Amino acid sequence: MAVCKPCTKLRYLPQKQKLIPNQVKPQSDRFVFYDQAYFLQRRGSFEKTLFQFLKFENERPLAKYFCLGQRTLTNLLKGDPPNLAVIVPSSPKSGPRPYHASYALLEKWKKLWKIREDTSLRKVSADKQSEQGFENRFFHAKKAFQFTKSDRIMEGLHVLIIDDIFTTGATVNEIARLYKQAGVRKVTCVVLLLSGGD
């Protein structure tokens, strides 16, 4: 992927990095419900700028940059491929959803594994997770999501949760808890971008 001349002049140069998905290490003082979590890119100044263009200015082609490394991750998951995929809902509004940065990754995996997307998970809180402080994110996430259909059979499935950014992990952890409560066997989280530490 190329970086255009104006961006090069502004010194938005990509960090040299291995295109290998790295596993997110859960904090030991927290109860974690997902079985494994991977990120494809780590946030640097270049990634931060691209991500803002993708998320807030709807520059959809940039999603391809954040999917780099997905082939390696696909090989890692090949032994136990997921049966169900879900994108973390960002808004409580019903109807057509706005473009999510993770759609590019979801579409690749839906074709590859012939898995279905679970659309029964809804965000019920109008508050944004990004507006919460570190500690409040965990309390907010606890009441922010729920299933619209309670009769779904999920017993024994391997669920793949896809999100755009991992900051504290509160959102994916709460969603993983809901799926485990529904009887799924395994929850894998994949995020495009890891923000902050690990």
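Not measured: the values here are computed from a predicted model. The chain is numbered in sequence order, starting from 1.
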Is it the case that over 12 heavy atoms from other parts of the model lie below 6.0 angstrom from the NZ atom of K110?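 Yes, enclosed.
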Please name the pair of heavy atoms, one in [X] and one in [Y], separated by the smallest distance, quoted to 0.1 Å.
X: R185; Y: G156; result: NE-O, 3.2 Å
X: D35; Y: K180; result: OD2-NZ, 3.1 Å
X: C67; Y: K108; result: CB-CE, 4.4 Å
X: L193; Y: E47; result: CD1-CB, 4.0 Å
X: D118; Y: F147; result: OD2-CE2, 4.2 Å
X: L62; Y: L50; result: CD1-O, 3.5 Å

Residue pair [X] / [Y], side-chain heavy-atom distance below 4.5 Å:
X: L54; Y: D164; value: no
X: Q41; Y: L192; value: no
X: Y34; Y: I175; value: no
X: I115; Y: H158; value: no
X: W109; Y: Q70; value: yes
X: F51; Y: Y65; value: no
X: F145; Y: V88; value: yes
X: F31; Y: N173; value: no

Say whether, by atom type as modelled, one donor and one acceptor occur between the side chain of R71 and the main chain of L68 under 3.5 angstrom. no
Would you give the length of the straight line joining atom [atom1] of [X] to atom [atom2] of [Y], rounded to the nearest 0.5 angstrom?
X: S120; Y: Q146; atom1: OG; atom2: CD; answer: 10.5 Å
X: E117; Y: E107; atom1: CD; atom2: CD; answer: 7.5 Å
X: K186; Y: T188; atom1: NZ; atom2: OG1; answer: 5.0 Å
X: N83; Y: D80; atom1: CG; atom2: CG; answer: 7.5 Å
X: L84; Y: L157; atom1: CG; atom2: CG; answer: 6.0 Å
X: S195; Y: I165; atom1: OG; atom2: CD1; answer: 4.5 Å

Using the rule given for side chain to side chain contact (heavy atoms under 4.5 Å, CB included), can you reason through L178 versus E174, listing the C-alpha separation, both sets of side-chain angles and the distance that settles it, and then say yes or no? CA-CA 6 Å; L178 291 173; E174 175 58 21; 4.1 Å; yes
